[in-house]
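Data block below; observations after.
Naming convention: chains lettered A, B, ... in sequence-line order (proteins, then strands); numbering from 1 in each chain.
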Amino acid sequence: MATYLEINKKQVNGEKWEEPFYLNMGPQHPSTHGVLRLFLELEGETIVNCTPIIGYLHRGVEKLGENLNYNQAIVLSDRLDYIASAANNTAFALAFEKLMNLEVPRRAKLLRTIACEMARICNHLLWLATHALDIGAMTVFLYCFRDREWLLNIYEKICGARLTHTYVRVGGVRQDFTQEIIDDLYKFTEEFPSRIYDYETLIDVNRIWLKRTKGIAVVPPEDAINLGLTGPCLRGSGVYYDVRKFRPYDAYGEVNFVVPTGKNGDTYDRYRVRMEELRQSNFIIRQCLDKLPETEGEPVLAENAPDLLMPEKIKKPEPKPVPKKGVIFRGADVPVVPPGEAFAAIESPKGELSVYVVSDGSNKPWRLRVRTPSFVHISAIPYMAKNHMIADLVAIIGTLDIVLGDSDR
Amino acid sequence: MEELLNELKEKFSSVVIEVQEKDYPTLICKRNGFVDFIKYLKEEKGFKYLIDLCGVDYLNYPKKNFEERFKVVYHLYNLDTKVLLRLKVRIPEEDCWHHSVTPLWRTADFFERECYDMFGIKFKGHPNLKRVLMPDDWEGHPLRKDYPLYLEEEQEWETYKKIAQKYKR
């Protein structure tokens with residue numbers, strides 16, 4: 001096959017071209033959600049072959065992580081999936097805690113779970129907004145952004161940032177919730193289910209929505225596992241797999257929730273799964289809020305959590321007064337990071353996000369591997385887009401819920 | 001769990017070198033006959049889901065108890081029995097290749113391309129082994145330990161220098 005550049009040149013110069021028609025979609029295309037480039041081989045308007053080309057947003061997070069200490073590496077994770085950064089923080093923190101044998105206090109676990117589920121609601125709202133906009137439903141976009149704003153304001157009260165909140169830290173969270181935040185969250189969880197109902201009345205039985213989503217990009221369960229799809233994309237195909245249920249982390253072991261699954265594995269089913277997940281996330285936040293008074297007054301950071309600036313040499317811990325509640329900076333005693341390796345996975349809103357970290361005993365990770373869901377989902381686009389129209393490709397990119405910052409790392 | 005590991009060790013005694021109990025059970029495998037082993041795991045033992053495939057560079061790793069420079073690490077998951085298994089294959093530097101598992105898992109396609117991109121480990125049997133994150137004409141493999149974090153201005157990437165020259169104001 002000729003290279004992409006040669007083909008483009010020939011087509012532009014108007015030379016005779018007997019091979020199939022090639023088309024570049026992206027990297028600057030509004031519905032590719034970033035800088036995804038798809039090289040399409042077309043026959044009429046039908047896609048015969050499709051090659052995703054990524055890497056335009058590669059920042060070398062894995063290489064940078066090897067040169068920063070464990071606490072600083074968490075800041076990098078915010079920039080992966082910037083829509084749901086609390087979930088990324090948790091994945092990194094879980095892997096590092098496993099490596100350092102840290103025990104996280106129960107209150108911190110509950111707070112983390114709330115932050116993660118808020119991230120899931122934020123992500124799914126943004127997904128619904130942009131997915132509907134791509135397909136042609138403008139109204140949903142405005143409704144979703146109104147409610148997402150509500151959550152972002154709560155995030156701002158929690159940690160001062162709206163998108164890249166490094167709220168989760170190794171050994172717990174940065175600070176406790178105030179009563180105001182808890183009241184806000186109670187109000188949100190009261191009202192949010194009725195808002196989900198609003199979105200559903202807009203598009204659930206909308207004839208155009210049904211035509212654009214039913215029977216598009218059908219993935220049978222076996223193929224979904226083989227393609228490595230995770231999260232709502234896998235559950236839309238009817239496979240019951242959720243890291244929160246299968247390998248519970250944080251406080252997911254003690255809350256009740258249902259893992260919704262689809263039947264047909266098409267775009268509509270994945271949409272239904274995500275809408276159901278919104279309800280379940282709301283329910284989980286509510287349960288965690290109810291459990292918070294039981295742990296009133298507990299610390300939110302483990303006693304031996306590492307200092308923000310982990311020094312190279314390990315100081316001997318000195319006897320010091322018991323730190324006050326909510327103190328961010330603790331003593332400089334660093335727990336020994338033993339040489340070894342740890343693997344932790346979480347159910348991020350987009351799918352399974354796993355971190356594999358190898359340590360050599362110093363204060364920096366030897367190898368920091370992040371398996372991001374978007375990276376794997378992009379590799380599934382050629383399979384899903386085959387024999388579909390170009391217009392459906394936009395729906396497929398939307399239904400996979402990819403963020404290029406997440407995939408390119 | 002114990003039974004499974006013992007069975008694997010007995011049946012594939014020529015492939016499995018060592019069994020380690022870490023946070024998840026870890027099997028250290030030989031490169032020869034690895035594809036048969038992982039195929040058996042997938043088709044007979046139900047490890048249908050390949051979570052992750054990545055490379056690790058162990059150049060100058062303190063207290064290293066093996067000679068080879070690289071490792072390729074697989075994380076496999078069994079959806080029925082909820083068992084996570086970690087497989088490791090050691091790759092020497094001078095003979096830097098490994099068998100591809102893309103015929104078994106489509107998801108391994110991008111993982112292997114990334115591993116080749118970042119470490120220069122060639123996967124035999126991969127249908128389209130090209131760089132995935134770095135540009136096609138990039139030199140060197142960024143995640144190797146002897147690859148510097150940043151370069152001085154004169155040593156920058158050639159193509160970038162050309163572009164920068166072209167659009168210099």
With under 30° as parallel and over 60° as perpendicular, where do the rings of His75(B) and Phe343(A) fit, or are they tilted in between?
parallel
Heavy-atom cut-off 4.5 Å, strictly under: side chain, backbone, both or neither for Lys42(B) against chain A?
side chain
Heavy-atom nearest pair, Val358(A) first then Tyr58(B), reads CG1-OH, 3.8 Å
Mark yes or no for whether Lys63(A), through its side chain, and Tyr147(B), through its backbone, hold a donor-acceptor pair below 3.5 Å.
yes
With a 4.5 angstrom heavy-atom cut-off, which part of Asn128(B) approaches chain A: side chain, backbone, both or neither?
neither
Which distance, rounded to the nearest 0.5 Å, do you find between the NE2 of His58(A) and the CE of Met134(B)?
5.0 Å
Given a strict heavy-atom distance threshold of 4.5 Å, which part of Ser359(A) is in contact with chain B: side chain, backbone, both, or neither?
backbone
Flag for Tyr77(B)-Glu352(A): side-chain donor and acceptor within less than 3.5 Å:
no
What are the two closest heavy atoms between Cys54(B) and Arg367(A), and how far apart are they?
CB-NH2, 4.0 Å
How far apart are the C-alpha atoms of Arg371(A) and Ile51(B), what are their side-chain angles, what is the distance that settles it, and do they pass the side chain to side chain contact (heavy atoms under 4.5 Å, CB included) test?
CA-CA 8 Å; Arg371(A) 180 249 200 231; Ile51(B) 298 178; 4.2 Å; yes
Heavy-atom neighbours of Lys245(A) NZ exceed 12 at 6.0 Å
yes
Carboxylate-amine/guanidinium contact Arg369(A) Asp52(B), below 4.0 Å
yes
I'd like to verify something: which residue of Arg409(A), Glu222(A), Glu341(A), Glu62(A) has the highest number of heavy-atom pairs under 4.5 Å with chain B?
Glu341(A)
Quick one, Phe110(B) and Val376(A) - any side-chain contact, counting heavy atoms below 4.5 Å?
no
Under 4.5 Å from a heavy atom of chain A, the part of Lys82(B) involved:
side chain
In terms of heavy-atom pairs under 4.5 Å with chain A, which of Leu50(B), Asp117(B), Leu84(B), Asp109(B) leads?
Leu84(B)
Please evaluate residues Tyr49(B) and Thr230(A) with respect to the criterion side chain to side chain contact (heavy atoms under 4.5 Å, CB included), reporting the C-alpha separation (whole Å), side-chain torsions for both, the decisive distance (0.1 Å), and the verdict.
CA-CA 10 Å; Tyr49(B) 175 35; Thr230(A) 42; 2.6 Å; yes
Give a yes or no on this: more than 12 heavy atoms of other residues, nucleotides or ligands lie within 6.0 Å of atom NZ of Lys39(B).
no
Of the listed Ser407(A), Ser379(A), Gly55(A), Gly228(A), the one with the largest count of heavy-atom pairs under 4.5 Å with chain B is Ser379(A)
Contact part of Arg113(B) toward chain A, heavy-atom cut-off under 4.5 Å: side chain, backbone, both or neither?
neither
Top residue by heavy-atom pair count (under 4.5 Å) with chain B, among Tyr356(A), Phe246(A), Trp366(A), Tyr241(A)?
Trp366(A)
Any non-hydrogen side-chain atom of Asn226(A) less than 4.5 Å from a side-chain atom of Thr107(B)?
no
Residue, of Val239(A), Ile378(A), Ile225(A), that accumulates the most heavy atom pairs under 4.5 Å with chain B
Ile225(A)
If you tally heavy-atom pairs under 4.5 Å between each of Asn67(A), Leu64(A), Leu57(A) and chain B, the highest tally belongs to Asn67(A)
What part of Pro142(B) lies closer than 4.5 angstrom to a heavy atom of chain A: side chain, backbone, both or neither?
backbone
Check Lys145(B) with Glu66(A), please: is the shortest side-chain N to carboxylate O separation under 4.0 Å?
yes
